[in-house]
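These values consider heavy atoms only, across backbone and side chains, with no hydrogens, waters or symmetry-generated copies.
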Amino acid sequence: MAFLYLTEEEQTLLDIPAAKIEGVLIFGNVQFTTQALQLLLRHGIELALFTRRGRLLGQLTSPFPRNIELRKAQYDRASDPAFGLSLAQSLVAAKVANSLDLVREFAHNHPETDFSKESSQLAALRDRIRQQPDLQSLLGLEGAAARLYYQALGQMVRQTFTFTGRRRHPAPDPVNALLSLGYTLVYNEIASLLDGLGFDPYLGYYHQPRFGHATLASDLLEEFRAPLVDRLTLYLVNNRVFQEPDFYRHTGGGVYLQDEPRKRYFREYEQFVTRPLSCPAAGVETDFRRLFRRQAERLRLTILTGEHYRPYQC
């Protein structure tokens, strides 16, 4: 059995069987050997390189045979506006519904906070999604829902942090920094998974193609923002897992995690995406990482057969 070893100053910190690795994300100046790269390529494991602050620099991908049938179908579907709109409506409907579920759950656990206005307006927007005639109008509706939802999220953030809205490039505060890091990790997990299954991850249906962006991964990410990243972020700030000293403000702008807290975030993230998850729609006990694969396989079936896409919603 082949192992990937993580060492520091000639001391082995971790050894992991290659069969248990689905992807490797490198942040900052980490050295790796050609033997490690060969092991990843032999086992079809993708490696992504990021700057210390989370900007993707590039990826190492195994030249395994691609699923040409799936790629051809993916390109053909991209030229069908009706298919793209239907899929995009499903993705946005799941995003808004999952956001609404998180707001309602928080309101149930914190009855002192009134979310009735936000809940009713989000529900109204959700019910109009299928009526949108094109992607442009759908984008407008999703933007309105996102503004409303992030206003509610700001009221869910407790302790010493404040959150007045979603902003990025760069993140102006710790909560936005945690959201950006979480979305980046999920996006890259899904992009690697899509590539491994034979998709072209750079050709999306809701998010339109643009240079260097895996827009198909962004499509699937929409389903997981609220139940995974936003929920994890609320847990981390409201339970004081992270506090103000864990962050620093870069001279070039933006707020980021310090080195040690960033390692702590990766551990929290890993526990969150692999923890047992009760999901009646899945039929069995599962976890988020398995759900990434299930949704990617559902997308493959939709593209190949035209079957209606069933987004993740619990």
Side-chain angles (χ1 to χ4, degrees), residues 25 27-28 50-57 95-96 98-107 109-110 112-115 117-119 121-122 139 142-189 207 213 218 221-273 288:
L25 307 180
F27 286 78
F50 299 84
T51 65
R52 184 167 170 265
R53 298 198 295 277
R55 182 170 63 83
L56 178 66
L57 294 172
K95 176 182 182 178
V96 176
N98 288 337
S99 300
L100 179 58
D101 285 347
L102 186 60
V103 172
R104 285 175 170 169
E105 180 184 313
F106 192 92
N109 294 327
H110 300 80
E112 73 279 7
T113 306
D114 183 9
F115 285 109
K117 175 185 172 186
E118 290 85 353
S119 295
Q121 291 184 354
L122 277 172
L139 275 168
E142 188 220 337
R147 285 190 293 276
L148 194 60
Y149 166 68
Y150 281 125
Q151 288 174 16
L153 191 70
Q155 298 180 65
M156 298 184 219
V157 172
R158 304 298 169 93
Q159 305 305 334
T160 59
F161 291 104
T162 58
F163 176 75
T164 58
R166 175 69 181 135
R167 294 179 182 83
R168 51 184 180 170
H169 306 313
D173 55 66
V175 175
N176 269 296
L178 293 176
L179 291 173
S180 292
L181 183 55
Y183 295 149
T184 296
L185 292 177
V186 177
Y187 162 85
N188 280 284
E189 282 210 44
H207 296 86
H213 187 85
S218 289
L221 168 63
E222 299 293 3
E223 308 169 44
F224 294 102
R225 286 181 184 271
L228 200 173
V229 179
D230 301 352
R231 188 185 297 275
L232 172 61
T233 301
L234 287 175
Y235 164 76
L236 295 175
V237 298
N238 289 349
N239 291 281
R240 298 179 184 272
V241 178
F242 290 103
Q243 301 187 50
E244 290 284 353
D246 291 322
F247 299 85
Y248 73 97
R249 186 172 294 278
H250 191 265
T251 54
V255 172
Y256 301 93
L257 278 170
Q258 304 272 10
D259 287 344
E260 188 285 327
R262 190 170 63 253
K263 295 175 184 175
R264 195 172 354 126
Y265 181 88
F266 291 148
R267 290 195 294 271
E268 295 286 347
Y269 172 84
E270 186 64 21
Q271 289 177 11
F272 205 81
V273 296
F288 277 113

Grab the two heavy atoms, one from Leu122 and one from Val96, that are nearest each other, plus how far apart they are. O-CG1, 3.8 Å

Please name all residues satisfying salt bridge (charged side-chain N to carboxylate O under 4.0 Å, His left out) with Glu244, sequence neighbours left out, ordered by chain then number. none

Results of ring-ring contact (aromatic ring centres under 6.0 Å, His included) for Phe242 - residues two or more places apart only: none

Restricting to side-chain hydrogen bond (donor to acceptor under 3.5 Å, both in side chains), what partner residues turn up for Ser119, sequence neighbours left out? none

Could you tell me which residues satisfy salt bridge (charged side-chain N to carboxylate O under 4.0 Å, His left out) with Glu118, sequence neighbours excluded, listed by chain and number? none

Among Lys263, Gln258, Arg264, which residue meets the side chain to side chain contact (heavy atoms under 4.5 Å, CB included) test with Glu260? Arg264

Students often mix this up, so state it plainly: with edges at 30° and 60°, are the rings of Tyr150 and Phe163 parallel, tilted or perpendicular? perpendicular

Quick one: salt bridge (charged side-chain N to carboxylate O under 4.0 Å, His left out) partners of Glu223, sequence neighbours excluded? none

Which residues share a side-chain hydrogen bond (donor to acceptor under 3.5 Å, both in side chains) with Asn176, sequence neighbours left out: Arg166, Asp173

If the condition is ring-ring contact (aromatic ring centres under 6.0 Å, His included), which residues does Tyr235 pass it with, not counting sequence neighbours? none

Taking only residues two or more places apart in sequence, or in another chain, which ones meet Arg249 in a side-chain hydrogen bond (donor to acceptor under 3.5 Å, both in side chains)? none

Not counting sequence neighbours, which residues clear ring-ring contact (aromatic ring centres under 6.0 Å, His included) with His207? List them please. none

Residues two or more places apart in sequence or in another chain: which of them pass side-chain hydrogen bond (donor to acceptor under 3.5 Å, both in side chains) with Tyr269? Glu189

Just to verify, what does Tyr187 make a ring-ring contact (aromatic ring centres under 6.0 Å, His included) with, not counting sequence neighbours? His213

Kindly write out the residues that satisfy salt bridge (charged side-chain N to carboxylate O under 4.0 Å, His left out) with Arg231, not counting sequence neighbours, or none if the list is empty. Glu105

